[in-house]
2 protein chains.
Amino acid sequence: MELHISQMAEKLPRYEQIRHLLQQELAKQSWPVGGTLPSEQILAETYGVSIGTIRKAVDLLVRDGLLEKVQGKGTFVKYPDFTSSLTRFFRHRNKAGQAIIPTGRVEKLAAVDGNGEINAFLGRAEHEPLIYIERTRRLDGSVIVSEKIWLPREPFAALLELKPAQFDDLLYPLYIKQCGQLILSAREQLTFLPRYTDDYLPIGDGGAAVKIRRLAYGINGEILEYRESYGKAVDFCYETVIA
Amino acid sequence: MELHISQMAEKLPRYEQIRHLLQQELAKQSWPVGGTLPSEQILAETYGVSIGTIRKAVDLLVRDGLLEKVQGKGTFVKYPDFTSSLTRFFRHRNKAGQAIIPTGRVEKLAAVDGNGEINAFLGRAEHEPLIYIERTRRLDGSVIVSEKIWLPREPFAALLELKPAQFDDLLYPLYIKQCGQLILSAREQLTFLPRYTDDYLPIGDGGAAVKIRRLAYGINGEILEYRESYGKAVDFCYETVIA
DNA sequence: CAGTGGTCTAGACCACAGC
DNA sequence: CTGTGGTCTAGACCACTGG
C-alpha cells in the first residue's frame, strides 16, 4: 500500500513530510498512548520509503519527546509526561530546594478583545481576539503564585465552554485534550519587582516579588501562550539547565 | 590510511568512537578554528568507515555546537563562540531587556584545601584540592556582579600560574586555552536574598540580592566548575529557554 | 525462536558553493 | 565544471525482547 507522498509537491525532504504525517496520526490518536507504532519495516512499506527515511522521521519525533524507541520492543507513543513538564515549567522550589507541587485554580476566564501589546507577544496581528485567564497556585491553601494568561482565541475557543472548576492543576494537558494544542517548549524571563501588589497573592502592602514572563511554543514553533506569573521574592527558587 | 579504530576494543558504536577521536583532534586544534575539516569522503577513508558513519559522528559534534556544516562548502570548526556563551551563561539584562556586557576582573586567586561541601557540588571526593577565585563584573566601572568560583585543582592548575590581570572578561575561553577544558552546558539555580552584604558589590547595608548558583559541565558531562554569582535584585533580568 | 530497533555499508542522485 | 554536504535506498548483520 504505497501512498506516494510526493503528491504533496513540497520541497521538504521526505523524512520531514513523514514526520508531519506521523504527527497528524499522533494528534488523531491513531495509536494508543503508551502503545507501539507499527514497526519501522511496516511504516516503510506503508509510506513507500526506505527504512532509513522512516528512522530519520521517527528520530525527529523522539527528539521532540513524542515517541520513545526501545530496542527489541518497538517505538512507543509517549505523549508528553506532564508530571515532568510540571517540573520543567514550574520551577519554584522551597528553601530546601525540594520541588513544590501546588494546586491550580482558575479565578477568572474570559474572551477579550485583541490587545496590541499581547498580540505582539503572541506574534499575531494587532486585533486578534484573545482568551484571558487569571489563575492562582496554592500550597496548603495559601496562594504562592498568581498568574495572568493570554491565549489566541482561535485554537483555544473550546476552553471558554469550561467552568473554572473543570480546569485541572495543570493547564497543558487541558490544552491538548480540549484543543489539540501541544506545548513543547517555552522561553521565560525573570525580573524582580521591589514593590508589588496583587489581587490574590498575599504579599503585604507592596512587598518584593518575582515576575516570570513565559512564551510557550507549539510543535511547529508557533507561540501558543503568553503568561505572567508573580510570586513572593522570598519564597523564590528557580532552576534551569543551559544546553 | 586506515586506522582500524576497533583496537580501542570498546563496546561503543563506531560513530561514537569517531566522535571521540574528532573531539581530540579539535582539542589539539588540528584544524584551524573557523576553517574546515577534511571532507566527509576523506574522513571516511582516513578512519576506514563509510560516509554514513562519519556523518553520524559529525552530526553529534554539530549538536554539541563544536562543528557547523554548510552545504556545498564544508564542515567548519566552530569553537563555541563565547560571545554567545556570554549571553548563554550570563543572562542579566538591564530593565529595557537589552543584554549587558560587563567587564570581568579577578580579585582573588588561590589554591585552597579540599572542602567537603564544595567537592560534593563538584561530584568529587571530600578532600580533593581546589582553586578558589573571587571575581567581579563591572559596568561603567561599578560592580554589578560578585562571583565566587571553585574549580577542581587537577585540570585547572595552570590557572594558578596566571596573574589576575591576565584573566580576560570571559573565563571559559581561558579554561580551554590554558587547561584544555571545554564548558558545554550548565545548570543554574536562582534564589532571592532579602538582605545581603558583599565585599565588592555596593548593595548598601544588606540590600536585596539575587544569588545564582551554577554547575558547569564539560564535554563528557563531568562537573568542571561551581560558581556563585551575586547581583542586586533591582538590576536583575534573567532569560532562559526550556526545551 | 521470530520480531524489534541499532549499526554499518556502498552507492546513487540532488542542491549548493565557487571557480 | 568540480567538490562539498543533503537525501535516499537496499540490504547486511548485531543486540535486545519476549514467547
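Keep in mind that this is a model prediction, so the values were computed, not measured.
Shown here are the salt bridge (Lys or Arg N to Asp or Glu O under 4.0 Å) partners of A/Arg153, two or more places apart in sequence or in another chain: there are none. Annotation: salt bridge (Lys or Arg N to Asp or Glu O under 4.0 Å) contacts of B/Arg187 (sequence neighbours excluded): A/Glu239. Here B/Tyr217 pairs with nothing under the side chain to side chain donor-acceptor pair (under 3.5 Å) rule; sequence neighbours left out.
Residue A/Glu40 contributes atom CD, which lies 11 Å from atom P of C/dT7 at whole-angstrom precision. One can place CG of B/Asp59 at 13 Å from P of C/dT7, the figure rounded to the nearest angstrom. Separating the CG atom of B/Leu43 from the P atom of D/dG3 is a distance of 16 Å, rounded to the nearest angstrom. The nearest whole Å value for the distance from the OH atom in B/Tyr47 to the P atom in C/dT9 is 15 Å. Look at CG on A/Leu37: it is 19 Å from P on C/dG3, rounded to the nearest Å. When the P atom of C/dA2 is taken as reference, atom CD of A/Gln41 falls 16 Å away, rounded to whole Å. Protein atom CZ of B/Phe76 is 17 Å distant from nucleotide atom P of D/dG3, rounded to whole Å. For A/Glu45 and D/dT9, the CD to C1' distance is 15 Å, given to the nearest whole Å.
Ring geometry for B/Phe236 versus B/Tyr238: interplanar angle under 30°, hence parallel rather than tilted (30 to 60°).
One finds a salt bridge joining A/Glu147 and A/Arg227 here, because a Lys/Arg side-chain nitrogen approaches an Asp/Glu carboxylate oxygen to under 4.0 Å.
Nearer the 5' end of DNA chain C, as judged by each residue's closest nucleotide, is the contact made by A/Gly74, out of A/Gly74 and B/Ile51. Of the residues near DNA chain D, B/Arg55 and A/Ile54, the one whose nearest nucleotide (by heavy atom distance) lies more toward the 5' end is B/Arg55.
Applying the 4.0 Å criterion to OP1 and OP2 of D/dT9, one finds that A/Arg14 has a side-chain N or O inside that range. Contact annotation: B/Tyr15 reaches the phosphate of C/dT7 (side-chain N/O to OP1 or OP2, under 4.0 Å). Applying the 4.0 Å criterion to OP1 and OP2 of C/dA10, one finds that B/Ser50 has every side-chain N and O outside that range. Contact between the side-chain N/O atoms of B/Thr75 and the OP1/OP2 oxygens of D/dT4 is not found at any separation under 4.0 Å.
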Which donor-acceptor pairs under 3.5 Å do the side chains of residues 62-74 of chain B make with protein atoms, sequence neighbours left out?
from	atom 1	to	atom 2	distance (Å)
B/Asp64	OD2	B/Arg19	NH1	3.3
B/Lys69	NZ	B/Asp59	OD1	2.8

Would you mind writing out the side-chain donor-acceptor pairs for residues 116-127 of chain A within the sub-3.5 Å range, not counting sequence neighbours?
from	atom 1	to	atom 2	distance (Å)
A/Asn119	ND2	A/Asn115	O	3.4
A/Asn119	ND2	A/Ala125	O	3.3
A/Asn119	ND2	A/Glu126	O	3.0
A/Asn119	ND2	A/Glu128	O	3.0

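Checking D/dC8, C/dT9, C/dT7 against every side-chain atom of B/Pro13, the shortest atom distance belongs to C/dT7. Comparing C/dT7, D/dG5, D/dT7 by their closest approach to the side chain of A/Lys56 singles out D/dT7.
Note on A/Thr36: nothing from the nucleic acid sits closer than 4.0 angstrom, heavy atoms only.
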Protein-to-nucleotide contact annotation, 5' to 3' order, nucleotides 11-19 of chain D [B base; S sugar-phosphate only; - none; under 4.0 Å, heavy atom]: ----BBSS-
